[in-house]
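Below is one structure, written out as structure tokens; comments come after it.
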Amino acid sequence: MAEHGSQAVAGGAITTFAALRAAEAACTRCPLYRAATQVVPGQGPARARLMMVGEQPGDHEDLQGAPFVGPAGRVLDRAIVAAGIDRGTVFVTNAVKHFKWEPRGKRRLHKKPNAHEIERCRWWNEIERALVRPELVVALGATAAASLMGRAVTIGRVRGRLLAGRDGEPVVVTIHPSYLLRLRDPADKTREYDRFVADLRLCAEHLRAAA
Ligand code: URA
């Protein structure tokens, strides 16, 4: 991982959020920048104890330039509060910083990022982690888990446990909130939402114990 808040890039080092945002805005590390409206950088306090990493911006995020501002973000916000975490203390970002989509009529349909895109974009999250220095990183879903763990993981097998990420950082893997939006059965929805909140509560407890 990048050392202590600085990462060498062509022509210098990124040591501030302003520099990071400028560099991200000019990103051409994979082809996704071509079809996206804009890059969507991480957002939150500069020194957050907790960082949450999603998959990639959705349609709303792509248009607004901020992470988790659409329907999945509303579920996430609710779950964070239910877990006893102050939403304002969390740095929220994505494993992939541009919206990947395909046209379906007039709509832009979300497309999963591939392994190459995830790997190319990991660079930006490494810098985010070097600047924010979170004590705990939450991987929301399989894409974030693959990026942080450096390998594909089965969420059901590893969720809700304290793991070591590929750079040695403490990671908790859980579901992506959009999974809850896709569930149709109300009982399934309630059960899975409660499990999601329980995973986040574990993160809160871990931070309390480390304080
Ligand atoms: N889904 C994500 O993974 N990230 C967002 O920012 C929005 C939806």
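These values consider heavy atoms only, across backbone and side chains, with no hydrogens, waters or symmetry-generated copies. Read the numbers this way: they start at 1 and go in the same order the structure lists the ligands and their atoms.
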Open item on the list: If you apply the rule side chain to side chain contact (heavy atoms under 4.5 Å, CB included), what do you find for L148 with N125, and how did you get there?
Closed with: CA-CA 9 Å; L148 288 159; N125 184 243; 3.6 Å; yes
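- In terms of protein heavy atoms, atom 4 (N) of ligand 1 is closest to N94 OD1, 2.6 Å.
- Considering R133, R129, E135, M51 as possible partners of E169, the one that fulfils the side-chain contact (heavy atoms from CB on, under 4.5 Å) test is R129.
- On a distance-only criterion, F68 and ligand 1 share at least one N/O pair closer than 3.5 Å.
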Just distance, no hydrogens or angles: give the donor-acceptor pairs under 3.5 Å from side chains in residues 67-84, sequence neighbours left out.
unit_1, atom_1, unit_2, atom_2, d
D77, OD1, R87, NE, 2.6

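- Taking every non-hydrogen atom of H176 and a distance limit under 4.0 Å, the qualifying atoms of ligand 1 come out as 1 (N), 2 (C), 3 (O).
- In the vicinity of G54, heavy-atom distances shorter than 4.0 Å reach the ligand 1 atoms 3 (O).
- For atom 8 (C) of ligand 1, the candidate residues are E55, Q43, Q56; the nearest heavy-atom contact is made by Q56.
- Partner of H110 under the side chain to side chain donor-acceptor pair (under 3.5 Å) criterion, out of K100, R104, Q56: Q56 alone.
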Task: W124 and R29: CA distance, side-chain angles, deciding distance, side chain to side chain contact (heavy atoms under 4.5 Å, CB included) verdict - done: CA-CA 10 Å; W124 298 118; R29 291 176 56 82; 3.8 Å; yes
